[in-house]
Amino acid sequence: MSVGEHRDRDTFYITTPIYYPDNRLHIGHTYTTVAADVLARYNRMQGRDTYYVTGTDEHGQKIQTAARESGVSPGEFLDEMVEWIKGLWSELGISYDRFIRTTDPDHARVVKKVFSSLYEKGDIYLSKYYGWYCTPCESFWLESKLVEGNCPDCGRGVSWVEEDAYFLKMGKYAQRLLDHIRDNPDFIQPEIRKNEMVSFIKGGLEDLCVSRKKDALQWGISVPFNEDYVIYVWFDAVCNYITAAGYGDPDRAEDFRRYWPADVHLIGKEILRFHCVIWPIMLMALELPLPKRVFGHGWLTIGGEKISKSRGNVVDPLVLADKYGRDAIRYYLVREIPFGADGRYTEAALVDRINVDLANDLGNLLSRVTAMIAKYRDGVVPRRTDGIPSRLESIAAESARSAEVALEAYLLSDAISAIWRLVSAANKYIEESAPWNLKGEQLDAVLYDLAESLRILAVMLWPFMVDAPAEMMRQLGLGDAPSWEEVSWGALQPGTVIARGAPLFPRLDPEEVLEVAVEEDSESEMNPKLEEEVDMIDFEHFSAMDLRTGNVLTAEKIEGADKLLKLTVDIGEAEPRQVVAGIAEHYSPEDLPGHPVVVVANLKPARLFGVESQGMVLSAEGPEGLNLIVPVAEVTAGSKVK
RNA sequence: GGCGGUGUAGCUCAGCUGGUUAGAGCACACGGCUCAUACCCGUGGCGUCGCUGGUUCGAGUCCAGCCACCGCUACCA
């Protein structure tokens, strides 16, 4: 995409996910929010009417529970969390225009309105839900999605739910959504996520349950025409994007027309499906345009592992910002996470980047240039009079152009790389021209070129950092709040009086700063022995499994399934067990009756192809295919395997 | 099982539609400079470009098979 094309836009609406404040936010949330902030600041510099929204997703069971555990009302609990979050964003210099809470009155109105419209239209209907539900995650799951009978997201237990419920028609819009994705190649980014979403949709969409009965969950927005129900939290949450833009508010019709559709929803890859399938379908049902882009960025991992409380690797962004400074944290996050892929966080890498990129390259550049201007020209930016074009001028132009292209494509780490090409070039230029050996107009030219490069660097860094670019400007004797246009060469006026200052980014002593962190790193470093131990189970775990011998009584193919057989197995109980087994490709139903088997008797029941399975028969792969595990000599049906 | 991705210097990664001696940053070593935050600049890699075959005058770059890891998905119960 060309830069010029984007110049035509005059508004820019960007969102982060709204975060779930049942706990403090971590560095992962911080990354998304910082990245969005960089883009918001950049677009403001481009003169676009920018609207940046972040906020909190405040409904659902987990909030209700967390509040109860703290012994306060959900309202009190949330107010406190929100205050903490706003404090964090303020500390990091996040320049959001609206902090939306799903408990805001305008939001509740929008959600109800959306729900009602879709109901009236027939896209939401009342039916009966039966299936698994993970309370902590507020997610409905098909049996087949469960992992070992537990929630595939959080690994915790799920409960069987049977209740009347409202459903959103998803299948109705599947084809339209696929067409939209096909016709708008940039809609889902990066490419790999788009592929995943497409194959997910092509796999068939089931209608989505969008309500919970109030006897199961109270903390949410009520279904407007049926007070016995609360609206599903995800349905509630995604609506924030239009609430914030002014949807359905007569006083804000102009805002909505102006800002919607959003330019980009910046999200983590784990919530792609809500933003690329459910939300677009809701919008299509509402007959509203879809957001121009959903950008699912990678995760920040800690030593290669996903950030999670259970791993105990949560890094508190406030502690980091306090220790290293907000600009360093912002720089590091944006620099370290490449397009699409995950980035790994280590404190050592953070310190390294601070020292190398910020202190040695950038900060020191400012320091040496201001020092030379002070020393050789009494602190006044000289006038160029030699008439020879500067080598730095073309590099600065290239750097700015590349940075702009990258920013327009939301490729923040690429933009940083482009900017640093000018930092390096300026450092090299000093070495090559050796100002300490020059005088007269040659020296004037070199010093001007360097000061001007620094000015352009400050402009380009303006979106990325909060304090340092302003300090650079100050030391160069210039004012604040530049526009992006000022990246062009020559704006620095000769005669400007510079003001040397303290080092922009003081060097850190890794040994001092990392004392604790280094130990942590070396321990979390791959230790094969340790990993094996983790995979070992103790006897108790084994005992938890109820393995029993049995004999197959009946076996039949399951209609429509290639691999599944429905067995009834005698394991010495009053009633035979009905078990589904994926062995149809290796065993014929007629061979099985009388066949001995080993059954996992206490496996949570599951439903496959609509057939309930009350256990599982054990088999193992051999050269010829699957083999059922059988006792070598006859044993009693139902005898325990140990 | 299906689909997709990744595998390139010690580390993190670039290498588009195949073409002269395979690149960058960091780390490391040596040299230089002295304006600067013990900084900066230069020089230094005998890297099986995951493995094996193939196409081609020529392949990280195309094709086939295989291996490892990751993501999504599924009729693994």
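All chains are named by letter (A, B, ...) in the order of the sequence lines, taking the proteins before the strands, and each is independently numbered beginning at 1. None of these values were measured; they are calculated from a predicted model.
- Atom name C1', nucleotides B:G4 and B:U43: the rounded distance is 43 Å, in whole Å.
- Taking each heavy atom of A:Pro469 and A:Ala458 in turn, the nearest pair found is CB-O, 3.5 Å.
- Between A:Met197 and A:Val294 there is no side-chain heavy-atom pair separated by less than 4.5 Å.
- The distance from atom CE of A:Met472 to atom C1' of B:U37 is 14 Å, rounded to the nearest whole Å.
- The glycosidic torsion of B:G60 lies within 90° of 0, which places this base in the syn conformation.
- The nearest whole Å value for the distance from the CD1 atom in A:Ile419 to the P atom in B:A24 is 22 Å.
- For the pair A:Asp352 CG and B:G25 C1', the computed distance is 10 Å after rounding to whole Å.
- A:Asn360 has no side-chain polar atom (N or O) that falls below the 4.0 Å cut-off from OP1 or OP2 of B:U37.
- Rounded to a whole angstrom, the distance from the P atom of B:G45 to that of B:G23 is 10 Å.
- The phosphate of B:C76 has neither OP1 nor OP2 within less than 4.0 Å of any side-chain N or O from A:Lys563.
- For the residue pair A:Glu347 / A:Tyr324, a side-chain donor-acceptor distance below 3.5 Å is found, with atom types taken as modelled.
- Note on ring orientation: taking the six-membered ring where Trp is involved, the planes of A:Trp234 and A:His275 are perpendicular (angle over 60°, cut-offs 30° and 60°).
- Using a 4.5 Å heavy-atom threshold, the side chains of A:Ile281 and A:Leu205 count as touching.
- Nucleotides B:C67 and B:A74 have their P atoms positioned 25 Å apart, rounded to a whole Å.
- In a base pair of the Watson-Crick type (N1 to N3 plus N6-O4 or O6-N4) or a G-U wobble (N1-O2 and O6-N3), with each distance short of 3.5 Å, B:C28 is matched with B:G44.
- For the P atoms, the distance linking B:A68 with B:G15 amounts to 27 Å, nearest Å.
- Across all strands, A:Met372 comes closer than 4.0 Å to base atoms (heavy-atom distances).
- A salt bridge between A:Glu573 and A:Arg548 is absent, with no side-chain N of the basic residue lying under 4.0 Å from a carboxylate O of the acidic one.
- Residue A:Ala502 is out of contact with every strand shown, counting any heavy-atom pair closer than 4.0 Å.
- Comparing the C1' positions of B:A64 and B:U56 gives a spacing of 16 Å, expressed to the nearest Å.
- If you check every strand for non-hydrogen atoms under 4.0 Å, A:Ser199 touches nothing.
- We find that NE2 of A:His297 is positioned 16 Å from C1' of B:G71, with the value rounded to whole Å.
- Rounded to whole Å, the separation between the P atoms of B:A24 and B:G42 comes to 11 Å.
- Between the CG atom of A:Leu366 and the P atom of B:C40 there is a distance of 14 Å, rounded to whole Å.
- Of the C1' atoms belonging to B:G50 and B:C26, the separation is 24 Å, rounded to the nearest Å.
- Remark: the separation of the C1' atoms in B:G58 and B:G19 is 6 Å, to the nearest Å.
- A donor and an acceptor atom never sit less than 3.5 Å apart when one is taken from the side chain of A:Glu431 and the other from the base of B:G42.
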